[in-house]
Amino acid sequence: MALSGVRVLELAGLAPAPLCGMILADFGAQVVRVDRLSQSAAALAHGDVQGRGKRSLALDLKQPQGAAVLRRLCGAADVLIEPFRHGVMERLGLGPEVLLQENPRLIYARLTGFGQTGKYAKSAGHDINYLALSGVLSKLGRKNENPYPPVNLLADFAGGGVMCALGIVIALFERAKSGKGQVIDASMVEGVAYLSSFLWKSQNLGLWSQPRGENLLDSGAPFYETYRTSDGKFMAVGAIEPKFYNQLIKGLGLNLDELPAQMSSSNWPEMKKKFASIFVQKTQAEWCSIFDSTDACVTPVLSFEDAASHQHNKERSSFIKNDPGEISPRPAPVLSRTPAVPSCKRDPFVGEHTEEILLEYGFTKQEIAKLHSDKTIEIKDLKASL
Ligand SMILES: C[C@H](CCC[C@@H](C)[C@H]1CC[C@H]2[C@@H]3[C@H](O)C[C@@H]4C[C@H](O)CC[C@]4(C)[C@H]3C[C@H](O)[C@]12C)C(=O)SCCNC(=O)CCNC(=O)[C@H](O)C(C)(C)COP(=O)(O)OP(=O)(O)OC[C@H]1O[C@@H](n2cnc3c(N)ncnc32)[C@H](O)[C@@H]1OP(=O)(O)O
């Protein structure tokens, strides 16, 4: 796999860093998740559902000898992902100056909401806050309604986990030439703002000149909308270009000559009502049979279950099942020679691999026994968990 041989240490955090680590693991990196000891309340609150392909080492970083263990691990690692707000790693004596001095090849990825500097650097926050500060949240939502956060996909995962993974891969690529590591300041505010570059750069085109929910691509236009069907499901319509819009109109059984011009925005509210009154007359399956073989850009809005079993997705094996029978999306994108090979195993238990990881990183059995008796590490008793 593309990233095989890359050693990653991911300090356990909430949603974004686990996705970042999972992406790297899916594409072949050896990812060790450094967990808090399982008795701690914080560990309970960080139940990771994105542990695919990772191993777990349970380590108490608050003990000086625990922090020393991480320093030693970092000496032999390629990448460290840390998901805490600015100042936490420094307080533990694990800041970038220390770790990069010991291993100048280390890529030290700091995945935070607000970044390492600035007024909010030390503030708590979640996806919705980062999205808000980026400006993007102000654009999301329907007409006359409050801004609406589309679950925690945008800042946490797109602007956070994925952007951080991109930064790591770029830094690894650069390191192959320079031999040097570096620090990655991955702020979710900036990550999601960067993703929204099109919105910023298209402002002069008049694409966003109307209030929220009244523009071409934000549910203002009748041809870029979702519509309820007679069985309570929905269809998604994205017929922007005139040649595709014509096919939409045909499929709906309307006559183009009897309708206002597609881009006449003053007619959009009335056209939406017309489309809605037609879509609600047939089931989702009936609409699919009308539109499936056309270029009208009309697709069913699928539930997770339906998405996994949809013919197109099945033909591409877009969803996978692991050994415990859980279904989830296959890693994307698909690389032709070195595709991701996601692990089928269940996610690791906290501390399941502590001993084997420490041995692998050069710790002796005696050192491990001492750390264990000092309660600096935890070694999961698998029999007790199964
Ligand atoms: C919208 C999302 C958030 C979604 C969260 C959900 C995924 C989860 C929320 C509730 C969970 C459920 C619940 O707990 C009940 C079940 C429990 C069960 O076990 C699993 C199932 C559950 C249903 C469970 C399921 C899910 O987990 C939940 C539903 C987001 O937006 S996520 C993005 C958040 N933001 C960031 O990541 C940005 C950067 N980070 C931060 O800003 C802060 O970390 C944050 C997130 C604000 C949290 O602040 P906090 O004060 O808690 O932490 P920090 O200031 O960063 O400091 C960390 C301290 O911890 C110490 N530490 C770290 N590692 C170790 C270690 N190995 N050993 C010892 N100590 C450690 C570190 O030293 C810091 O200590 P100090 O504060 O003393 O310096």
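Each residue takes its place number in the sequence, starting with 1. Both counts, for ligands and for their atoms, begin at 1 and track the order of listing.
- Residue-to-ligand polar distances place P83 within reach of ligand 1: an N/O pair is separated by less than 3.5 Å.
- Each of the following atoms of ligand 1 lies closer than 4.0 Å to a heavy atom of T112: 38 (C), 39 (C).
- Here E360 pairs with R55 in a salt bridge; the nearest charged N to carboxylate O distance falls below 4.0 Å.
- The backbone and the side chain of L61 each have at least one atom closer than 4.0 Å to an atom of ligand 1 (non-hydrogen atoms only).
- Checked for salt-bridge contact, K122 and E90 miss the test: no charged N lies under 4.0 Å from a carboxylate O.
- Of the listed residues (R91, Q63, Q50), the one carrying the non-hydrogen atom nearest atom 79 (O) of ligand 1 is R91.
- With respect to K380 and E352, no salt bridge is recorded, no charged nitrogen being found less than 4.0 Å from a carboxylate O.
- Contact check on D347 versus K54 returns no salt bridge, with no Lys/Arg side-chain nitrogen under 4.0 Å from an Asp/Glu carboxylate oxygen.
- Considering backbone and side-chain atoms alike, S123 places every N or O at 3.5 Å or more from each N or O of ligand 1.
- Assignment of L92 to the shell around ligand 1 is supported, since a heavy atom sits closer than 4.0 Å.
- Applying the 4.0 Å criterion to heavy atoms of M188 picks out, from ligand 1, the atoms 36 (C), 37 (O), 38 (C).
- Residue contacts with ligand 1: G113 is placed with no nitrogen or oxygen under 3.5 Å of a nitrogen or oxygen of the ligand (distance criterion only).
- A salt bridge links R72 to E367: one of the charged nitrogens lies within less than 4.0 Å of a carboxylate oxygen.
- The Y130 neighbourhood of ligand 1 comprises atoms 34 (C), 35 (N), 36 (C), 38 (C), with distances under 4.0 Å to a heavy atom of that residue.
- The N/O atoms of R36, backbone and side chain alike, include one that comes under 3.5 Å of an N/O atom in ligand 1.
- A salt bridge does not link R36 to D60: none of the charged nitrogens lies less than 4.0 Å from a carboxylate oxygen.
- Taking all heavy atoms of H86, H126, R110 into account, the minimum distance to atom 3 (C) of ligand 1 is reached by H126.
- At least one cation-pi condition fails for R85 and Y120: the charged atom is not both under 6.0 angstrom from the six-membered ring centre and inside a 45 degree cone around its axis.
- For the pair D35 and ligand 1, a heavy-atom separation below 4.0 Å is found.
- A cation-pi contact, defined as under 6.0 Å to the ring centre and within 45° of the axis, is absent between R142 and Y148.
- Ring pair F279/Y227 is parallel by interplanar angle, where below 30° counts as parallel and above 60° as perpendicular.
- Within ligand 1, the atoms closer than 4.0 Å to a non-hydrogen atom of P16 are 32 (S), 33 (C), numbered from 1 in the order shown.
- Within the listing of ligand 1, atoms 66 (C), 67 (N), 68 (N) sit less than 4.0 angstrom from a heavy atom of L59.
- Against a heavy-atom cut-off of under 4.0 Å, L14 is close to the following atoms of ligand 1: 5 (C), 32 (S), 34 (C), 46 (C).
- Follow the hydrophobic side-chain contacts under 4.5 Å out from L100 and you never reach V8; the two are in separate clusters.
- Against a heavy-atom cut-off of under 4.0 Å, A124 is close to the following atoms of ligand 1: 47 (C).
- The atoms of ligand 1 that sit less than 4.0 Å from any heavy atom of D60 are 68 (N), 69 (C).
- V34 does not count as a contact of ligand 1, since none of its heavy atoms falls under 4.0 Å from the ligand.
- Taking a cutoff of 4.0 Å between a charged side-chain nitrogen and a carboxylate oxygen, R346 and D323 do not qualify as a salt bridge.
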